[in-house]
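Working notes, beginning with the structure itself.
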Amino acid sequence: MIVRTRFAPSPTGFLHIGGVRTALFNWLLARHHGGQFILRIDDTDQQRHVEAAVALILDGFRWMGMDWDEGPEAGGPHGPYFQSQRADRYRKATEALIAGGHVYRDYSTQEERDADRREAEAFKRAYRFRRKPVSDADLARFEAEGRPYGLRFEVPLGRTLVLNDLIKGPVEQKTDEIGDFVIVRPDGTPLYNFASVIDDADMQITHVVRAEEHLTNTFPQMLIFEALGYQLPAFAHVPFVAAPGSRKKLSKRDGAVGLDEYINRGYLPSAMMNYLSRLGWSYDDTQEIFSREELIEKFSLDRVNSSPASHDPDKLFWIQGEWMRKLPLEQKVDGVLPFLKREGLAEEPISDAFRQRVEAVVVALGDRLKVFGDILTLGRYFFTETLTHDPDAVKKRLRKDGVPQLLAELDQVLETVEPFDVPSLEKAIHDYAESHGHPMGQVVNPLRVATTGQGVGPGLYDCLAILGRASCRRRIAETLAMLQTS
RNA sequence: GGCCCCGUCGUCUAGCCUGGUCUAGGACACAUGCCUUUCACGCAUGCAACACGGGUUCGAAUCCCGUCGGGGUCACCA
């Protein structure tokens, strides 16, 4: 049997990382078994801007490196892959259910149902719709009136359904607990529980891996599969993702929950995939870092936790650091460039010299560069001559007796050092400190703040060399002036 | 409220199915120290959990029951 999994997002214009994780588990399962991963768009709601929202989803998947075998753009033999274009299929399935006597026309009104619901609530009972006897006369009248009706599935009573969930284990549900549910609205459009079954059957999905909020939905769906004589796929319900430091479901109010936010900060797809895979899944008691290939090889549903996991931005950040460290220099430069461009800090078009400068900065930054966006916070001063002094650093390193004189003397050192490179700078500044009896920290730190404006950063000699002689001296002069006037 | 799912360090988790090897292991975060021109890295150390209560058993994180807590569902939403 070929494993076929799917992810069926609604085009809401937002890719929740919890959803991305669910998609990842589906993708991983398919790839692990050499099967297929299908993308299907649940757009029965027919909102506007569907196209843009779909594009956002596809971009997110492409960024993550989760390729789909069938779906939008890819096509496939079981299409269309947009629910809005599958009305035909739903109608045929509806006819089959009618022929089989599994559904009935429900002429109830919104008011009647609301009243029943309120009554159930008042008696603290679950609200369950059941078929009410309708006299032939009434039925004839309704039909004559052309009164609108929904189509309801008549749930067979007295049975116990058993779902062997691949994550949750065996789960039982008595059919008496399930109310007759609507599968088609009066306007002919299908509801999720129905459309989803038809789609999964048509597309020959073998494993339905989805959010646990659908666990109870599964029982009505099983009834539809059965009524239509379709083979039941395997189900796996993935626990929800909780907010950081909590057991409550992660929502948009809990900070960064959209995939795009992480993309915009310069996170790596490899890191995001690694992180998301470990959120609710583990391979053994020690391994934290997994490559995409390794995940495909090692992923299995039986090691997915049955309890919720909470989103941990700190851990994501750490994993990101691990992957960033492994990234080849060239790719780091490529990753950083868009951020520089966005802020107008890059030459356009990019010259070889500029690229070399960026490369030098990235090398100097080393492990300090965790996400690509860090280039803007940690390396800004390499790309602008507008010096911004950090007040704390100025107070700590520059507001000291003797500092102006020290900087003036260091300026002399920088004027003459030849060549202006790391070894020479290191030797010259070392010699200066030694000959004047200054501890290195008292020389290096003021000079760092004077030339970069910051108290922290890469090794000082690297900074000076990248900046170049003229820039360093200009900045020292500027700092000296600043110290005098304020 | 009925029904269903879930409950190990702050967080991700191992262990649970197949009770003893668990004075509960690893990782992130945090704290301290070392390294060091700052920061980051690295290294070392530390802090920290079986939700609670019963039961079964020679023995329970592991099995059973209950309580509490969290989540889902009970839509002509998905």
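Fair warning: this is a prediction, and the values are worked out from it, not measured in the lab.
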Protein-nucleotide distance ([X], atom [atom1]; [N], atom [atom2]), rounded to Å:
X        : N     : atom1 : atom2 : value
A:Asp116 : B:A75 : CG    : C1'   : 14 Å
A:Lys174 : B:U73 : NZ    : C1'   : 17 Å
A:Arg128 : B:C3  : CZ    : P     : 9 Å
A:Ile178 : B:G72 : CD1   : P     : 20 Å
A:Phe181 : B:A78 : CZ    : P     : 14 Å

Would you say [Y] and [X] are linked by a side-chain donor-acceptor pair, where the criterion is simply a distance under 3.5 Å?
X        : Y        : answer
A:Gln454 : A:Asp390 : no
A:Arg210 : A:Thr218 : yes
A:Lys298 : A:Gln287 : yes
A:Arg475 : A:Ser471 : yes
A:Asp180 : A:Tyr104 : yes
A:Asp199 : A:Ser196 : no
A:Gln405 : A:Glu409 : yes
A:Thr452 : A:Arg448 : no

Under 4.0 Å, counting only non-hydrogen atoms across every strand here, what does [X] touch: a base, just sugar-phosphate, or nothing?
X        : result
A:Pro458 : base
A:Glu172 : sugar-phosphate
A:Gly455 : base
A:His311 : nothing
A:Glu213 : base
A:Gly321 : nothing
A:Phe123 : nothing
A:Glu177 : sugar-phosphate
A:Gly179 : nothing
A:Ser196 : nothing

Does the structure show a Watson-Crick or G-U wobble partner for [N], both distances under 3.5 Å? Name it, or say none.
N     : answer
B:A60 : none
B:G46 : B:C30
B:U36 : none
B:A14 : none
B:C68 : B:G7
B:C74 : B:G1
B:G19 : none

- Query: Quick one: on RNA chain B, does A:Leu215 or A:Asp180 contact a more 5' nucleotide (nearest heavy atom)?
  - Reply: A:Leu215
- On RNA chain B, nearest-nucleotide positions of A:Thr109 versus A:Asp314: which is more 5'? A:Asp314
Given the [atom1] atoms of [N] and [M], what is the spacing between them in whole Å?
N     : M     : atom1 : value
B:C9  : B:G2  : P     : 28 Å
B:A24 : B:C68 : C1'   : 24 Å
B:G25 : B:G15 : C1'   : 8 Å
B:A40 : B:G1  : P     : 50 Å
B:U73 : B:C30 : P     : 36 Å
B:C22 : B:C17 : P     : 16 Å
B:A14 : B:A51 : P     : 15 Å
B:C65 : B:U56 : C1'   : 11 Å

Whether the side chain of [X] and the base of [N] hold a donor-acceptor pair under 3.5 Å is what I'd like checked.
X        : N     : answer
A:Arg368 : B:C39 : yes
A:Lys315 : B:A27 : yes
A:Glu288 : B:G26 : yes

Side chain of [X] (C-beta onward), nearest among [options]:
X        : options             : result
A:Asp42  : B:A78, B:C74, B:G70 : B:A78
A:Ser306 : B:C28, B:U37, B:C6  : B:C6
A:Asn445 : B:U38, B:G71, B:A78 : B:U38
A:Met440 : B:U37, B:G71, B:G2  : B:U37
A:Leu191 : B:U38, B:C76, B:C3  : B:C76
A:Ser10  : B:A78, B:C3, B:C74  : B:A78

At under 4.0 Å, does any side-chain N or O of [X] touch on OP1 or OP2 of [N]?
X        : N     : answer
A:Lys168 : B:C4  : no
A:Arg397 : B:U38 : no
A:Arg185 : B:C77 : yes

- Indicate, with yes or no, if the rings of A:Trp281 and A:Phe25 have centres closer together than 6.0 Å. no
- Quick one: does A:Phe129's side chain get under 4.5 Å of A:Asp106's, heavy atoms only? yes
- Message: Between A:Arg325 and A:Glu322, does any NZ, NE, NH1 or NH2 come within less than 4.0 Å of an OD or OE carboxylate oxygen?
- Response: yes
- Query: What string of B, S and - do you get for nucleotides 41-52 of chain B, 5' to 3', if B is base contact, S is sugar-phosphate-only contact and - is no contact with any protein heavy atom under 4.0 Å?
  - Reply: SS----------
Using a cutoff of under 3.5 Å, can you pull out all pairs of nitrogen or oxygen atoms linking the protein to nucleotides 13-23 of chain B, with atom names and distances?
residue: B:U13; atom: OP1; partner: A:Gly280; partner atom: N; Å: 2.1
residue: B:U13; atom: O3'; partner: A:Ser282; partner atom: OG; Å: 3.1
residue: B:A14; atom: OP1; partner: A:Ser282; partner atom: OG; Å: 2.9
residue: B:A14; atom: OP2; partner: A:Asn305; partner atom: OD1; Å: 3.0
residue: B:A14; atom: O3'; partner: A:Arg303; partner atom: NH2; Å: 3.4
residue: B:G15; atom: OP1; partner: A:Arg303; partner atom: NH1; Å: 3.3

- Cation-pi between A:Arg265 and A:Tyr262: NZ/CZ under 6.0 Å from ring centre and within 45° of the ring axis? yes
- Task: Please determine if A:Lys370 forms a cation-pi arrangement with A:Phe372, meaning its NZ or CZ atom is less than 6.0 Å from the six-membered ring centre and no more than 45° off the ring axis.
- Result: no
- Task: Given ring-ring contact (aromatic ring centres under 6.0 Å, His included), test A:His430 with A:Tyr461 step by step and report yes or no.
- Result: CA-CA 11 Å; A:His430 244 280; A:Tyr461 312 120; 7.2 Å; no
